[in-house]
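Shown next, in structure tokens, is the structure this report addresses.
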Amino acid sequence: MTENSSLLDRSRTVAGPGYNRWLVPPAALAIHLAIGQAYAFSVFKKPMGALISGNVDKPDVLDWTPGQLAVIFSIAIVLLGLSAAVFGKWLERVGPRKAMLASALCFGGGFLIASLGVHLHSIWLVYFGYGFVGGIGLGIGYISPVSTLIKWFPDRPGVATGMAIMGFGGGAMIGSPLAVALMAQFKDVAPMGVAPTFIVMGLIYLVFMMFGVFTIRVPAEGWKPEGYVPNAQHSALITSSNVDADNAIKTPQFWMLWVVLLCNVTAGIGVLETASPLIQETFSDANMGAGRGVTAAAAAGFVGLLSLFNLLGRFFWSSASDKLGRKPTYMIYFGLGIGLYALAPTLMASASLTLFVVVCCVILSMYGGGFATIPAYLRDLFGTMQVGAIHGRLLTAWSTAGVVGPLLVNYLHDQQKAKGLTGAAAYQTVFYTMAGVLVVGFIANMLVTAVNERYAFKGVVTGASAGH
């Protein structure tokens with residue numbers, strides 16, 4: 001390390017002897033809890049649809065439509081995958097501090113640009129701010145803490161990735177009430193209070209993420225946990241080699257895992273996308289008896305419960321995969337998932353509300369678990385050298401599912417409604433189709449084998465080789 005090296009250089013983040021690796025997860029959480037706000041974007045939909053009229057129940061015809069507003073989140077998710085893929089190798093080369101700073105500036109800056117878009121009533125500026133710039137911040141911020149934690153926890157990669165990605169799932173639990181409280185505070189000084197809320201949230205998240213930027217550390221070359229013996233519990237799917245990102249995408253294993261993630265996310269979105277209207281329409285007073293149907297408030301509680309299980313599943317299932325193995329864990333996700341998705345229409349038709357809620361909670365726990373387990377699966381197959389870059393490229397599957405999933409669900413539901421079907425009958429094909437999607441994922445996971453040695457990196461693995 002040179003005396004004049006920048007505070008942001010990778011060399012300045014290398015931990016000294018005796019450093020406690022458990023100080024790293026809080027830095028990772030600072031990033032993921034912030035960018036996880038993206039899951040709470042829906043709280044802005046009604047207020048942003050009523051900026052001119054000032055009435056969330058009767059938005060003016062000139063205001064932004066639900067369709068226009070839905071595009072904002074879609075752009076952000078697409079850019080998450082694309083930026084993670086594009087900047088993954090850069091992250092491995094420059095280290096997590098510089099990458100996390102870039103994430104913080106893009107994510108916080110995206111809010112500020114979107115605030116100007118709201119003030120000028122320019123939807124395109126909001127698309128560019130929150131969607132494009134903020135989406136880049138999402139992608140870089142999503143992969144940088146995960147890549148670092150995997151290097152710190154070679155003995156427990158599932159626990160490590162679960163800790164970080166649990167934060168992303170929990171970000172909405174902070175972002176949603178924060179946004180609602182701020183909009184209420186600012187409603188008298190700006191239309192619906194949206195523009196100043198964006199400014200404050202952008203600045204809060206920027207400062208919050210800076211904690212992660214300046215506390216993150218990477219292990220010194222050759223470091224390993226005390227008493228750790230690589231591959232002590234040997235598995236054919238856990239490599240002792242390293243594969244770089246460019247070679248990884250040439251392997252069939254990478255593309256099998258791409259399909260695995262695509263199917264897991266698409267199916268989970270099948271429940272998430274329609275959770276509130278689904279439970280209200282299926283378990284209405286007409287089906288349950290007068291006064292016993294699910295109200296809008298109860299449906300909101302159901303959505304909150306699903307978010308909680310999405311969050312808990314990320315840590316539980318990913319940690320369990322350290323004991324079970326990554327491939328068997330995904331067999332559970334898909335095998336159990338197929339059964340639960342196929343069972344759901346029967347529970348809906350028989351008005352078995354409690355059982356239906358339990359089934360949906362388990363489904364969402366495995367949806368979250370799938371996100372958290374995939375980086376550890378990649379680490380097993382391709383090694384730690386460029387796992388962040390490989391993970392970034394794999395996240396294009398999430399971008400694809402984020403667009404295809406909602407389109408598929410809405411198409412199937414609209415088709416059933418066009419036939420005059422209502423309630424449970426209108427959602428049957430959604431659940432059966434998602435069960436079919438999981439069958440594809442199950443087969444893809446079955447086909448995952450050890451990576452051929454010819455793809456292995458032949459040089460000496462150092463910090464410099466991470467972005468070679």
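A perpendicular orientation is assigned to the rings of F431 and F356, their planes being inclined by more than 60° (bins at 30° and 60°). The aromatic rings of W223 and W152 sit perpendicular, their planes meeting at an angle over 60°, well past the 30° parallel limit. Using bins of under 30°, 30° to 60° and over 60° for the plane-to-plane angle, the ring pair W398/F168 lands in the perpendicular bin. Ring planes of F198 and Y130: parallel class, angle under 30° (limits at 30 and 60°).
A donor-acceptor pair is defined here as one N or O able to donate and one able to accept, closer than 3.5 Å; no such pair exists between the side chain of S318 and the backbone of G369. At distances below 3.5 Å, at least one donor-acceptor pair connects side-chain atoms of K327 with backbone N or O atoms of M446. Without hydrogens or angle criteria, S399 side chain to I77 main chain gives a donor-acceptor distance under 3.5 Å. The main-chain N or O of F211 is found under 3.5 Å from a side-chain atom of T215 such that the two form a donor-acceptor pair. Judged by distance alone, the side chain of D9 and the main-chain N or O of S11 form no donor-acceptor pair under 3.5 Å. Formation of a donor-acceptor pair under 3.5 Å by the S176 side chain with backbone atoms of M173 is not found in this model. Counting only distance, with no hydrogens or angles, the side chain of Q386 and the backbone of V243 share no donor-acceptor pair below 3.5 Å. Judged by distance alone, the side chain of Y341 and the main-chain N or O of A267 form a donor-acceptor pair under 3.5 Å. Between the side chain of Q37 and the backbone N or O of G175, no donor-acceptor pair lies under 3.5 Å. Remark: the backbone N or O of P375 is not paired with any side-chain donor or acceptor of H391 at under 3.5 angstrom.
In this structure, F315 and V159 have side chains that are in contact, with non-hydrogen atoms separated by less than 4.5 Å. Annotation: side chain of V24 is in contact with side chain of Y19 (closest heavy-atom distance under 4.5 Å). A heavy-atom distance below 4.5 Å is not found between the side chains of K45 and W64. At least one side-chain heavy atom of I123 sits less than 4.5 Å from a side-chain heavy atom of I72. Looking only at side-chain heavy atoms (C-beta outward), V357 and F302 come within less than 4.5 Å of each other.
Atom CG of residue L257 and atom OG1 of residue T251 lie 8.0 Å apart, to the nearest 0.5 angstrom. If you take OG on S147 and CE on M385, they are separated by 11.5 Å, rounding to the nearest 0.5 Å. Here CD1 of I279 is found 9.0 Å from CG of L305. Values are rounded to the nearest 0.5 Å.
Residues W258 and T400 have side chains that never bring a donor and an acceptor to within less than 3.5 angstrom of each other. Under 3.5 Å, the side chains of R326 and S321 contain a donor-acceptor pair of N or O atoms. Judged purely by distance below 3.5 Å, without hydrogens or angles, the side chains of Y333 and T373 pair a donor atom with an acceptor atom. Between the side chains of W317 and S365, at least one donor-acceptor pair of N or O atoms lies under 3.5 Å. A donor atom on one side chain and an acceptor atom on the other are found under 3.5 Å apart for N445 and Y377.
Between R21 and D155, at least one side-chain nitrogen of the basic residue sits less than 4.0 Å from a carboxylate oxygen of the acidic one, meeting the salt-bridge criterion. For the pair K151 and E92, the salt-bridge criterion is met [side-chain N within less than 4.0 Å of a carboxylate O]. Salt bridge K89/D246: present, at least one basic N to carboxylate O contact under 4.0 Å.
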Q: Test side-chain contact (heavy atoms from CB on, under 4.5 Å) on M163 and F153 and set out the steps.
A: CA-CA 11 Å; M163 279 187 289; F153 291 85; 4.2 Å; yes
Q. Yes or no on side-chain contact (heavy atoms from CB on, under 4.5 Å) for L80 and I136, after CA distance, side-chain angles and deciding distance?
A. CA-CA 6 Å; L80 184 157; I136 292 173; over 6 Å; no
Q: List the steps and the verdict of side-chain hydrogen bond (donor to acceptor under 3.5 Å, both in side chains) for T384 and R379.
A: CA-CA 6 Å; T384 59; R379 176 260 183 199; over 6 Å; no
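F41 CZ: more than 12 foreign heavy atoms inside a 6.0 Å radius. More than 12 non-hydrogen atoms from other residues, nucleotides or ligands lie less than 6.0 angstrom from CD of Q68.
Of all the heavy atoms in C263 and G441, the pair that sits closest is SG-N, 3.6 Å. Residues P145 and A28 approach most closely at CB-CB, 3.5 Å, considering heavy atoms.
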